[in-house]
Amino acid sequence: MKLTHEIVSLRTKHVFTIARGGASAHRVNLVTITDTDGAFGVGEANPSRFYGENPDTAAVVLEQFATIIEKADGWSLEAIETEMGKMWRGNGSAKSAVMAALYDLMGKRLGVPLYKMWGLDPSKAPLSSFTIGVAPEAELRAKVQEAAEYPLLKVKLGTPDDADIIRIIREEAPDKILRVDANAAWTPKHALDMIALLSEYEVEFVEQPLPPENVEGLRYVRDRSPLPIIADESCLVASDIPKLAGVVDGINIKLAKCGGPREALRMIAVARAHDMSVMMGCMIETSVGITTAAHLSPLLDYADLDGAALLAADPYTGATIHGSVISIPSGPGLGVAKA
Ligand SMILES: [Mg+2]
């Protein structure tokens with residue numbers, strides 16, 4: 001088989017800002033794995049600097065993974081994943097792109113969508129939230145208006161203006177379910193003050209209030225919090241989960257962190273074994289990346305798969321989240337197509 005890859009630039013409708021900063025241009029790596037008979041699968045890497053990757057490092061790593069793919073056959077997912085793990089630690093997004101392309105190829109050969117291969121019922125997918133990034137008041141109000149079709153909003157906090165942001169959004173969206181993501185920006189004491197306020201605004205849960213390494217802080221906050229706490233930056237792969245049991249209520253899985261659908265499935269199993277809830281999130285992604293995650297979504301309690309919905313133009317079609325309802329394509333493999 002042959003692995004080819006390219007870096008693609010995406011633009012979001014609006015500058016997308018979180019506690020760590022903002023951008024309107026996002027680069028991702030699209031991967032194609034083609035077998036000798038011409039059958040192919042596609043996958044996407046969404047590298048994040050926060051996890052030690054960028055599109056250029058991912059391209060270098062993918063070039064090396066191509067040497068594994070060259071000698072492998074398209075059914076050997078276990079062997080390929082193991083080989084990639086021996087070659088590079090981390091680099092979750094590059095690994096995920098390869099695994100997604102292999103699954104896409106496998107599903108196409110079997111003539112079934114991935115959710116069916118995994119025995120899942122697409123109607124069991126939870127609603128997806130739509131994210132409102134950090135912005136000044138007028139823009140914030142406009143963003144909430146623009147998101148009218150979504151009954152479920154995820155609000156990015158972790159700024160000096162958090163109290164105003166949540167008040168403004170609750171004013172604009174009195175009946176919507178609101179979730180909050182602090183992106184690791186708070187201290188334990190500030191988190192408890194904020195959570196008391198968020199609780200008054202009937203927020204559903206809080207994602208990653210503290211820096212990822214502050215596990216005891218998370219336990220302290222969770223023990224005193226009326227709202228559930230979900231770990232995102234603290235939880236990359238399945239082996240991160242046992243130490244978070246009893247520390248947070250749930251985990252947020254991202255393909256870009258964990259290395260692909262196989263590790264995501266392991267994370268779901270480990271989280272369930274520890275009686276934790278499971279969410280799946282995303283980066284700014286095309287429909288290739290979002291659709292890969294969407295096929296797993298029937299296994300989730302919470303979904304935040306709006307990465308492609310935030311784009312000004314999506315180079316692919318695939319899963320959609322109209323009105324927060326996740327629709328997973330029923331074509332073979334990922335079921336994505338060039339737009
Ligand atoms: Mg998050």
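Each ligand, and each atom within it, is numbered from 1 in the order the structure gives. Residue numbers run from 1 in the order of the sequence given.
The number of protein N/O/S atoms found under 2.8 Å from the Mg ion (ligand 1) is 3.
Residue pairs that meet the ring pair (Phe, Tyr, Trp, His ring centres under 6.0 Å) test with at least one member in residues 2-30, sequence neighbours left out, do not exist here.
Every salt bridge (Lys or Arg N to Asp or Glu O under 4.0 Å) that Arg109 has, sequence neighbours left out, goes to Asp35, Asp37. In this structure Glu149 satisfies the side chain to side chain donor-acceptor pair (under 3.5 Å) test with no other residue, sequence neighbours excluded.
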Run the side chain to side chain contact (heavy atoms under 4.5 Å, CB included) test on Val248 and Ser234 for me, step by step, so that the C-alpha distance in whole Å, both residues' side-chain angles and the decisive distance to 0.1 Å come before the verdict. CA-CA 10 Å; Val248 292; Ser234 292; over 6 Å; no
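Using bins of under 30°, 30° to 60° and over 60° for the plane-to-plane angle, the ring pair His295/Trp118 lands in the perpendicular bin.
Geometric assessment of Lys143 against the ring of Phe130 yields a negative cation-pi assignment under the 6.0 Å and 45° thresholds.
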